Amino acid sequence: MLTAPPGLDRVRVPRPPTTEPTDPSSALGAIPALAVACVPGASHAGVAVAGTDRHLAPVAAAGAVPLGLDELQRRLGHGPSRTSAHRQVTVHIDDMSADHRWPEFRSGARAAGVGAMLCLPLRLDARRPGALSLYATEAGAFDDRAASVARAVAAQAVLAMAESRREEQLREALGRRDVIGQAKGILIERHRLTADAAFSRLSVASQAANVKLVEVAEHLVCTGELPG
């Protein structure tokens with residue numbers, strides 16, 4: 001369970017989260033709600049992470065605004081959240097009506113009632129940059145104190161991303177072990193081999209076919225035959 005970083009319990013909560021996180025089952029699901037609850041001035045918040053194709057995609061949000069503005073940035077190909085994620089820099093828009101860096105995005109943000117934004121970079125590894133984006137209805141909402149609290153929340157998000165990745169790797173490892181075990185079972189039953197001999201046969205087939213051992217195992221389980 002995610003907990004607020006040290007010192008956040010002393011921050012006056014400006015308002016409750018606008019909505020529940022869009023992905024509560026994710027390790028990142030609670031981060032936007034935590035940001036809205038703890039960062040002074042924040043009305044909405046969202047987390048977006050780049051996939052293997054480098055496109056930034058929303059993974060969790062508190063409030064409807066982040067999802068709409070993430071989609072707008074996707075269509076435009078630029079914007080503060082994308083800049084923060086891909087360049088790994090903090091982007092602060094103190095007054096949306098006076099900021100001229102992304103004119104088309106500014107128009108959409110103003111239409112959505114956004115007066116200020118604060119985007120903080122997130123990074124799990126070189127392939128998965130992301131950003132935590134905070135939205136305020138009033139210009140000048142994010143002062144130094146708010147930025148300090150937001151950085152603490154962003155640190156929580158990085159930890160959550162790392163934990164999510166570890167869980168994903170564990171599931172992949174367990175899946176590989178299961179399919180290799182199934183393949184060994186087939187060879188043991190079919191050829192009356194020992195477990196070690198069955199694994200050795202899989203290894204030999206892997207080297208002969210020049211493919212990963214787990215792929216040899218999957219092929220055997222699915223087709224009943226060893227590759228080659």
Side-chain angles (χ1 to χ4, degrees), residues 1-2 21-32 46-61 66-67 70-71 73-79 81-89 119-133 154-228:
M1 180 178 293
L2 290 171
T22 57
D23 185 15
S25 64
S26 167
L28 285 170
I31 291 297
V47 172
V49 178
T52 54
D53 58 1
R54 299 288 293 171
H55 288 301
L56 206 65
V59 296
L67 298 177
D70 280 344
E71 172 60 20
Q73 291 180 80
R74 186 195 66 78
R75 295 200 309 268
L76 295 174
H78 56 73
S81 299
R82 293 174 64 92
T83 297
S84 179
H86 290 304
R87 297 186 183 178
Q88 288 293 284
V89 296
C119 306
L120 297 103
L122 307 174
R123 181 176 288 275
L124 177 58
D125 55 45
R127 298 173 300 169
R128 298 181 68 192
L132 168 65
S133 299
Q156 284 285 90
V158 171
L159 292 175
M161 290 170 68
E163 181 62 26
S164 179
R165 179 57 179 162
R166 281 194 294 269
E167 291 177 358
E168 180 183 337
Q169 290 172 335
L170 178 60
R171 287 193 296 270
E172 291 175 353
L174 291 174
R176 289 194 296 268
R177 187 183 70 177
D178 287 347
V179 75
I180 290 172
Q182 292 173 37
K184 286 170 57 180
I186 292 172
L187 294 177
I188 289 170
E189 189 279 331
R190 182 179 295 172
H191 301 292
R192 299 186 181 280
L193 301 175
T194 65
D196 287 344
F199 185 82
S200 177
R201 184 165 294 191
L202 289 174
S203 298
V204 169
S206 171
Q207 294 171 5
N210 194 30
V211 296
K212 294 179 180 178
L213 190 143
V214 68
E215 294 177 6
V216 170
E218 289 173 345
H219 185 85
L220 175 59
V221 169
C222 292
T223 68
E225 302 292 338
L226 286 170

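The structure presented is a predicted model; accordingly, all values stated were derived computationally and were not measured.
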- Item | Considering all heavy atoms, the nearest His219-Glu225 contact | CD2-O, 2.9 Å
- Message: Side chains of Ile186 and Val221, heavy atoms from C-beta outward: is any pair under 4.5 Å?
- Response: yes
- Query: Could you state the interatomic distance from CG (Asp70) to CZ (Arg82), rounded to the nearest 0.5 Å?
  - Reply: 9.5 Å
- Query: Going by heavy atoms in the side chains, are Val179 and Val214 under 4.5 Å from each other?
  - Reply: yes
- Under 6.0 Å from the CZ atom of Arg87, do we count more than 12 heavy atoms belonging to anything else shown? no
- Item | Shortest non-hydrogen contact from Ala157 toward Leu122 | CB-CD2, 3.9 Å
- So OG1 of Thr223 and CD of Glu218: to nearest 0.5 Å the spacing works out to 11.0 Å
- Note on the structure: Per side chain to side chain contact (heavy atoms under 4.5 Å, CB included), Leu76 is matched among Gln73, Arg74, His78 by His78
- Message: Once salt bridge (charged side-chain N to carboxylate O under 4.0 Å, His left out) is applied, do any residues pair with Arg201, and if so which ones, sequence neighbours excluded?
- Response: none
- Task: Determine the minimum heavy-atom distance between Leu56 and Ala48, stating which atoms define it.
- Result: CG-CB, 3.6 Å
Distance-only check: which donor-acceptor pairs under 3.5 Å involve side-chain atoms of residues 202-212, not counting sequence neighbours?
| unit_1 | atom_1 | unit_2 | atom_2 | d |
| --- | --- | --- | --- | --- |
| Ser203 | OG | Phe199 | O | 3.1 |
| Ser206 | OG | Val211 | O | 2.5 |
| Ser206 | OG | Leu213 | N | 3.4 |

- Shortest non-hydrogen contact from Ala183 toward Leu220: O-CD2, 3.6 Å
- Listed by chain and number, what are the side-chain contact (heavy atoms from CB on, under 4.5 Å) partners of Arg171, not counting sequence neighbours? Glu167, Glu168
- Heavy-atom closest pair (Pro121 atom, Ser84 atom, distance to 0.1 Å) is N-OG, 3.3 Å
- Query: Could you state the interatomic distance from CG (Asp196) to CD1 (Ile188), rounded to the nearest 0.5 Å?
  - Reply: 9.0 Å
- Hey, which of Lys184, Arg177, Gln182 is the one that makes side chain to side chain contact (heavy atoms under 4.5 Å, CB included) with Ile180? Lys184
- Item | Closest approach of Leu187 to Ala198 (non-hydrogen atoms, all atoms of both residues) | CD1-O, 3.6 Å
